[in-house]
Trainee: 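Quick one: the structure is below, questions incoming.
All heavy atoms count here, side chains included; hydrogens, waters and symmetry mates do not. The chains referred to below are lettered A, B, ... by the order of the sequence lines, with proteins before strands, and numbering in each begins at 1.
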Amino acid sequence: QKEVEQNSGPLSVPEGAIASLNCTYSDRVSQSFFWYRQYSGKSPELIMSIYSNGDKEDGRFTAQLNKASQYVSLLIRDSQPSDSATYLCAVTESGYSTLTFGKGTMLLVSP
Amino acid sequence: EAGVTQFPSHSVIEKGQTVTLRCDPISGHDNLYWYRRVMGKEIKFLLHFVKESKQDESGMPNNRFLAERTGGTYSTLKVQPAELEDSGVYFCASSQDLSSPLHFGNGTRLTVT
């Protein structure tokens with residue numbers, strides 16, 4: 001049974017702070033890792049993908065992957081109230097084939 | 001470009017009734033996926049179409065669920081007869097090919113009473 005674990009939160013951070021979201025996965029053959037953002041009642045939206053160990057930066061977002069520890073994280077710098085949402089970690093064996101999701105972490109950024 | 005659209009946005013039915021959910025993928029997207037999130041659980045894969053063919057239906061919970069994609073355009077997911085445990089949010093997603101990101105719809109919230 002493939003599992004993706006996330007702390008459900010809520011994770012509360014003040015505006016301007018760094019938000020750190022974490023995810024662990026059980027299937028060692030996982031090769032592709034994704035972070036989705038979901039606002040309440042809306043569709044999950046892909047914000048980051050990462051495939052190799054290390055860091056990947058895109059604007060205020062940094063994804064970090066450690067395959068040996070089966071751990072992937074998302075850092076959000078200079079957090080804004082508009083970043084308040086549920087962040088979903090998803091993994092797959094290859095490409096964008098069948099995604100295995102975690103339950104998501106709710107992030108609350110206070111002004 | 002229109003996104004993935006799902007209809008209805010909400011559906012409330014009684015146990016034993018039939019419900020049909022519809023998904024219109026982004027035009028030109030051959031890959032269409034159905035996912036489901038039940039209360040308190042993670043989003044789980046149901047099945048994957050490539051054009052009109054079922055590529056992977058390993059996530060379909062049982063034979064009360066029937067998905068179709070006639071003509072390779074829109075897809076329907078029928079639940080017959082619905083049970084209480086079928087309540088949840090059903091998401092549809094589409095992609096141009098297997099190396100492209102999935103675009104999700106806003107989901108259909110199904111409540112079975």
Trainee: Please check if the side chain of B/Tyr35 supplies one atom and the backbone of A/Leu99 the other of a donor-acceptor pair under 3.5 Å.
Mentor: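 Yes: the side chain of B/Tyr35 pairs with the backbone of A/Leu99.
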Trainee: Could you give the distance from OH (A/Tyr39) to CG (B/Asn106), rounded to the nearest 0.5 Å?
Mentor: 13.5 Å
Trainee: For residues B/Leu84 and B/Leu21: do they belong to one hydrophobic cluster (side chain heavy atoms under 4.5 Å, members Ile, Leu, Val, Met, Phe, Trp, Tyr)?
Mentor: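 Hydrophobic grouping puts B/Leu84 with B/Leu21.
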Trainee: Supply the atom-to-atom distance B/Gln55 CD to A/Thr98 OG1, rounded to the nearest 0.5 angstrom.
Mentor: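 Those atoms lie 9.0 Å apart.
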Trainee: On a heavy-atom basis, which atom in A/Ser43 and which in B/Gly105 lie closest, and how many Å separate them?
Mentor: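 Closest pair (atom of A/Ser43, atom of B/Gly105, distance): CB-O, 2.9 Å.
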Trainee: List the steps, then state whether side chain to side chain contact (heavy atoms under 4.5 Å, CB included) holds for B/Ile43 with A/Leu88.
Mentor: CA-CA 9 Å; B/Ile43 297 174; A/Leu88 303 166; 3.8 Å; yes
Trainee: State whether the number of non-hydrogen atoms from other residues, nucleotides or ligands found under 6.0 Å of B/Lys78 atom NZ is greater than 12.
Mentor: no
Trainee: To the nearest 0.5 Å, what is the distance between CD (B/Glu42) and CD (A/Gln6)?
Mentor: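 If I round to the nearest 0.5 Å, the distance is 10.0 Å.
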Trainee: Please determine whether residues B/Val4 and B/Tyr74 belong to a single hydrophobic cluster, defined as Ile, Leu, Val, Met, Phe, Trp and Tyr linked transitively by side-chain heavy-atom distances below 4.5 Å.
Mentor: no
Trainee: I'd like to check B/Arg37 versus A/Gln38 (side-chain heavy atoms, cut-off strictly below 4.5 Å). Are they in contact?
Mentor: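 The answer is yes, as the side chains (C-beta and beyond) meet within the 4.5 Å cut-off.
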Trainee: Taking atom CE as the centre, does B/Met60 end up with more than 12 heavy-atom neighbours from other residues, nucleotides or ligands that are less than 6.0 angstrom away?
Mentor: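 Yes.
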Trainee: Are A/Leu74 and A/Val4 connected in the hydrophobic side-chain network, where two residues link if heavy atoms are under 4.5 Å apart?
Mentor: yes
Trainee: With a 4.5 Å cut-off on side-chain heavy-atom distances among I, L, V, M, F, W and Y, is there a chain of contacts connecting A/Val91 to B/Leu46?
Mentor: no
Trainee: Please flag which part of B/Arg109 lies under 4.5 Å from any non-hydrogen atom of chain A: side chain, backbone, both or neither.
Mentor: neither
Trainee: Side-chain heavy atoms nearer than 4.5 Å, only ILVMFWY residues, links allowed to pass through others: does that put A/Phe34 and B/Phe91 together?
Mentor: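 Yes, A/Phe34 connects to B/Phe91 through the hydrophobic network.
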Trainee: Please assess A/Phe101 against B/Phe45 for the test ring pair (Phe, Tyr, Trp, His ring centres under 6.0 Å), listing each intermediate value before the final yes or no.
Mentor: CA-CA 9 Å; A/Phe101 282 92; B/Phe45 168 80; over 10 Å; no
